[in-house]
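We count ligands from 1, going down the list as the structure has it; atoms in each ligand are counted the same way.
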Amino acid sequence: MTVFFDTHTHLNADAFTEDVADVIRRAKSVGVCQFLVAGYDLNSSYRAVELARSYPDHVYAAVGIHPLDAGDLDTETRCAISELADDPSVVAIGETGLDFYRKGYAKEVQGEAFLWHLDLAVKHDKPAIIHVRNSFDDVLDNLQQFDGVAVAHCFSGNRSEVGELVKLGLYVSFAGLITYSSGVLVRGALSSVPSDKLVIETDSPYLTPRGVNSRRNEPSYVVKVASVAAETIGMNVDDFASMTTGNARRLFGLGQTR
Ligand SMILES: [Zn+2]
């Protein structure tokens, strides 16, 4: 059976509070059986762990503070996130990174928070989930000294940028952007990622893929992302699903060595 792994969803967001069990059931009914729920602030990090405990072997958690909330990373929050990072259901640190697109915290504040998360990832031997928005060169600079494992989530850049990330050994995750008619460059980038570094995600509730008749995105739609991605690289969807699910499990250290 074809099994998909949504490597970045926010089932911990308010948008899913009412019906998360239905959302998970719907996803499983189309083969989306594994989910990485990424934290973006302290509450959502706790919620990610709670969901992972409720759905063992299906939901896995990441804990961290989103770059747009980087200023919230005070001493108390650092302690809480570090403590959560010890939980066996936590398989990654994030999401972290840099976001200079929206009006947010200063570069220095975001940069310091990013480095703190990278350091935490290394200490816990867990991969970092990296958000990059209008910040590619700065993210690259920050990664030069990093010798852990990481994934660039919701990649939106071009072929030469993805090449830089691949050179650093990163995994690269693609979301609904590749399904848009405007996604020509990002599809070009996708086709140049080595097959063992490629993973897929929804970033739900955001970024609904093209052709989905719902404002809210959800993990079941990762199948749409997979079908466009598979077509882009000339693979059938079943093979693509088993390849990317295997990559995701290796990335998150689930039952295989990295
Ligand atoms: Zn996210």
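Applying the 6.0 Å contact sphere to NZ of Lys197 captures more than 12 heavy atoms from other residues, nucleotides or ligands.
In Asp203, the N, O or S atom that comes nearest to the Zn ion (ligand 1) is OD1.
Among the atoms of His8, an N, O or S atom falls under 2.8 Å from the Zn ion (ligand 1).
Electrostatic pairing of Glu112 and Arg78 counts as a salt bridge here, judged by a charged N lying under 4.0 Å from a carboxylate O.
For the pair Arg210 and Tyr180, the cation-pi test (distance below 6.0 Å, angle within 45°) is failed.
Note: Phe174 and Phe155 have perpendicular aromatic rings, judged against thresholds of 30 and 60 degrees for the angle between ring planes.
Angle OE2 (Glu95) to the Zn ion (ligand 1) to NE2 (His10): 90°, rounded to 10°.
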